[in-house]
Amino acid sequence: MSTEDRLFVVAIDFGTTYSGYAILSRGHFIEDPLEKIITKVWQAGDLLSDKTPTTLLLKHVEPDSRQEFVALGYEAEDIYSRLPEEEKDGYYFFRRFKMALYDEDRKVALTRNTKIKDIRNKELLALHVFSHSIEFLKKDCFENLKIKGLQDEVNFEKEILWVLTVPAIWDDAAKQFMRTAATEAGLPNDRLMICLEPEAASVYCKYLPLERLEQDASLHALRPGTRFVVVDAGGGTIDMAVQEVTDDNKLQEIDHVQGGNWGGIYVDEEFEKVIEDIVSQPILEAYRLNHTSDYIELLRFFEKKKRQSQTSTVRLCVPASLLSFVQENLNKTISKTTEESKNNKDIKWRREKMQMPPSIYQNLFDSVTIQIAEQVERILNSECNRGTNLILMVGGFSECELLQKRIKESFPRCKVVTPPEAGLSVLKGAVLYGHDPSIIKARAAKYTYGVAVKTPFDAKIHPQSKKEVVRGKPYCKNVFDLHVKRGDIIRIDQDPVKKSYVPLYPEQSSAGIKVFASKGSVPKYTDGCQCLGVLTVEMPNIEKGLDRKVSALLRFGGTELTVEGIDETSGEKVETQLDFLAGGP
């Protein structure tokens with residue numbers, strides 16, 4: 001899709017806690033990109049928000065056992081809260097389900113058949129849950145365009161480029177899963193772009209005028225030669241990337257992306273542990289199942305409180321149903337159970353408000369903010385990042401003052417900048433990136449990538465355990481054939497890595513090659529590496545038997561790993577497939 005064909009770019013920021021979309025026409029991108037971005041304002045009562053909760057409500061429909069979309073976001077929460085308890089078993093209610101795709105070491109394979117649980121532990125195919133959510137955002141975007149009178153200006157099918165954001169620390173399987181869910185939701189695969197969240201945030205900051213980025217006029221931020229750490233703190237994951245502004249005013253990574261599952265939802269989990277300590281885990285679990293809407297309201301209130309400055313006793317509203325539920329089931333007041341608790345005796349109750357000392361409140365944040373600061377320190381201490389003294393904090397969790405305080409106190413020599421609308425930085429940056437993907441010039445390889453091959457067996461260098469005889473010839477199996485090394489800087493326009501393969505059998509009509517990744521140095525064999533998936537290259541012409549060769553051209557510079565196949569005998573392209581959702585080896 002050429003730049004001129006992108007009359008509109010729509011970016012979808014599918015977050016763990018909140019999701020939203022942004023729209024920007026080509027004309028407005030050229031004219032005044034930051035001021036012309038259209039975002040949806042979501043409403044829940046008197047609350048207005050630029051994003052809506054990533055909360056999905058589906059209805060189970062008999063007799064064909066399908067799931068019918070009901071609502072997403074605030075509306076899903078409101079409808080579910082009004083349902084009588086006896087009817088809720090006929091619905092699926094999913095919230096904060098994005099983290100089901102994150103597995104740092106991919107201990108459990110992510111496939112098209114992966115299932116996730118709703119709030120009442122009922123399972124459904126994850127692919128359906130994600131595609132229903134994306135489809136709603138797509139349809140709501142179309143309605144927004146119509147409301148703004150733009151329906152006559154855009155051909156929905158041919159003139160929109162869709163951009164879907166994903167955490168940079170996600171593996172290739174999770175990225176492919178999101179693309180698959182998006183196409184199932186009706187987004188055209190050939191006009192769908194995956195954008196890495198910290199890159200999107202950096203693009204947004206790059207477009208910001210200096211005076212809006214930072215009040216300190218002495219900060220020459222994001223000019224050529226500037227190196228900075230972007231800390232994208234979201235609800236589920238934290239992405240950290242070290243980037244540099246190049247001489248031609250573009251952005252490039254200078255170190256592989258790092259991060260982990262230290263987002264804002266884990267502060268919520270610490271808060272839930274406090275409640276569990278007071279009322280016990282079985283009582284809180286029973287309350288969650290019997291008063292689901294009030295339980296959600298409790299967490300929604302805490303979510304608002306997280307972003308507010310707290311310098312004295314923290315007061316949290318608690319649903320009256322929790323107090324009465326504790327009284328009914330434990331035969332004592334919640335004040336009494338608090339006094340008897342092991343760790344939270346200093347918490348007091350005044351009617352329906354929990355009064356929490358600042359020390360206890362800050363402890364809720366320590367487990368994640370300390371890990372974030374430690375990771376930033378490791379990045380800054382890395383040899384290739386020495387001299388970096390600017391930290392950009394973006395993402396919704398970056399608006400939390402306790403996180404900002406932790407980073408500023410941990411790195412006094414660094415300038416720590418939180419741009420305006422930090423929670424929208426990924427969304428707005430993604431729609432800008434869609435209009436000009438060339439603003440990202442290079443990326444650092446996240447893994448050491450290679451494929452498993454068989455080579456002629458040599459007893460002098462190969463262990464006997466690796467010996468495999470194929471048609472009377474000895475081969476060494478599971479040899480790691482290197483493509484790129486972790487940390488290699490790969491330009492976006494860099495030539496693909498080309499590797500050639502020959503058939504082992506005369507009648508072989510395709511080559512199935514396992515793709516592996518390693519976080520360490522280049523391994524000799526694939527043992528101990530993570531099997532990402534299978535690369536299949538068709539070899540349809542079998543006339544020459546073993547005297548054939550095909551090549552796979554893998555491109556590593558983009559946000560997704562892509563491949564092209566060539567039949568070296570005819571010079572023609574052949575069908576290839578790179579499947580990361582096949583379930584591992």
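In this structure, K405 does not pair ionically with E401, as no charged nitrogen and carboxylate oxygen lie closer than 4.0 Å. A salt bridge does not link E564 with R555: every distance from a Lys NZ or Arg NE/NH1/NH2 to an Asp or Glu carboxylate oxygen is 4.0 Å or more. Salt bridge R227/E244: present, at least one basic N to carboxylate O contact under 4.0 Å. One finds no salt bridge joining D567 and K549 here, because no Lys/Arg side-chain nitrogen approaches an Asp/Glu carboxylate oxygen to under 4.0 Å.
Atom CG of L34 and atom OH of Y207 lie 8.5 Å apart (nearest 0.5 Å). How far CD of E197 is from OG1 of T559: 12.0 Å, rounded to the nearest 0.5 Å. In this structure, L532 CG and L561 CG are separated by 8.0 Å, a value rounded to the nearest 0.5 Å. One finds the OG1 atom of T226 at 8.5 Å from the NZ atom of K206 (value rounded to the nearest 0.5 Å). Atom CG in D172 sits 7.5 Å away from atom CG in L578 (nearest 0.5 Å). Rounding to the nearest 0.5 Å places CD1 of I38 at 6.5 Å from CG of L145.
Using modelled atom types, one finds no donor on one side chain facing an acceptor on the other under 3.5 Å when comparing Q577 with T536. Q252 and T246 form no side-chain donor-acceptor contact under 3.5 Å, judged by distance and modelled atom types alone. With 3.5 Å as the limit, one finds no donor-acceptor pair spanning the side chains of T448 and R486. Side-chain polar atoms of E560 and Q176 form no donor-acceptor pair below 3.5 angstrom. Side-chain atoms of Y21 and D140 form a donor-acceptor pair, as typed in the model, at a separation below 3.5 Å.
In this structure, D247 places its CG atom where only 12 or fewer heavy-atom neighbours from other residues, nucleotides or ligands lie under 6.0 Å away. By the 6.0 Å contact criterion, NZ on K573 is open, its count of non-hydrogen atoms from other residues, nucleotides or ligands being 12 or less. Applying the 6.0 Å contact sphere to CD of E31 captures more than 12 heavy atoms from other residues, nucleotides or ligands.
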M240 and I372: CA distance, side-chain angles, deciding distance, side chain to side chain contact (heavy atoms under 4.5 Å, CB included) verdict: CA-CA 9 Å; M240 301 179 195; I372 294 169; 3.7 Å; yes
Side chain to side chain contact (heavy atoms under 4.5 Å, CB included) between L196 and K175, intermediate numbers included: CA-CA 10 Å; L196 305 181; K175 293 177 188 176; 4.1 Å; yes
Could you check N189 against R179 for side chain to side chain contact (heavy atoms under 4.5 Å, CB included), going step by step and ending with a plain yes or no? CA-CA 8 Å; N189 190 54; R179 175 175 284 276; 2.7 Å; yes
Could you please spell out the steps behind the salt bridge (charged side-chain N to carboxylate O under 4.0 Å, His left out) verdict for R96 and E303? CA-CA 13 Å; R96 299 183 174 183; E303 177 68 25; 3.5 Å; yes
Derivation and outcome, side chain to side chain donor-acceptor pair (under 3.5 Å), residues T165 and D13: CA-CA 5 Å; T165 67; D13 182 12; 2.9 Å; yes
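Side-chain contact check for F177 versus L127: some heavy-atom pair is nearer than 4.5 Å. For the pair S19 and K51, the minimum side-chain heavy-atom distance is 4.5 Å or more.
Ring centroids of F97 and F130 are separated by less than 6.0 Å, placing the two rings close together. Between F516 and F480, the ring centre distance reaches or exceeds 6.0 Å.
Residues L432 and P33 approach most closely at CD2-CB, 3.5 Å, considering heavy atoms. A pairwise comparison of heavy atoms in L403 and A233 identifies CD2-CB, 3.9 Å as the closest pair.
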Output side-chain donor-acceptor pairs under 3.5 Å for residues 384-398, partner residues at least two apart or in another chain, one line each.
unit_1: N385; atom_1: ND2; unit_2: D255; atom_2: OD2; d: 2.9
unit_1: N385; atom_1: ND2; unit_2: I379; atom_2: O; d: 2.9
unit_1: R386; atom_1: NE; unit_2: N381; atom_2: O; d: 3.1
unit_1: R386; atom_1: NH2; unit_2: N381; atom_2: O; d: 3.0
unit_1: T388; atom_1: OG1; unit_2: N385; atom_2: O; d: 2.8
unit_1: S398; atom_1: OG; unit_2: V394; atom_2: N; d: 3.2
unit_1: S398; atom_1: OG; unit_2: V394; atom_2: O; d: 2.6

Could you go through residues 490-497 and list every donor-acceptor pair under 3.5 Å that involves a side-chain atom there, pairing it with any protein atom two or more places apart or in another chain?
unit_1: R491; atom_1: NE; unit_2: D493; atom_2: OD1; d: 3.1
unit_1: Q494; atom_1: OE1; unit_2: R491; atom_2: N; d: 3.1

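Annotation: cation-pi pair K98/W170 present, NZ/CZ under 6.0 Å from the ring centroid and within 45° of its normal.
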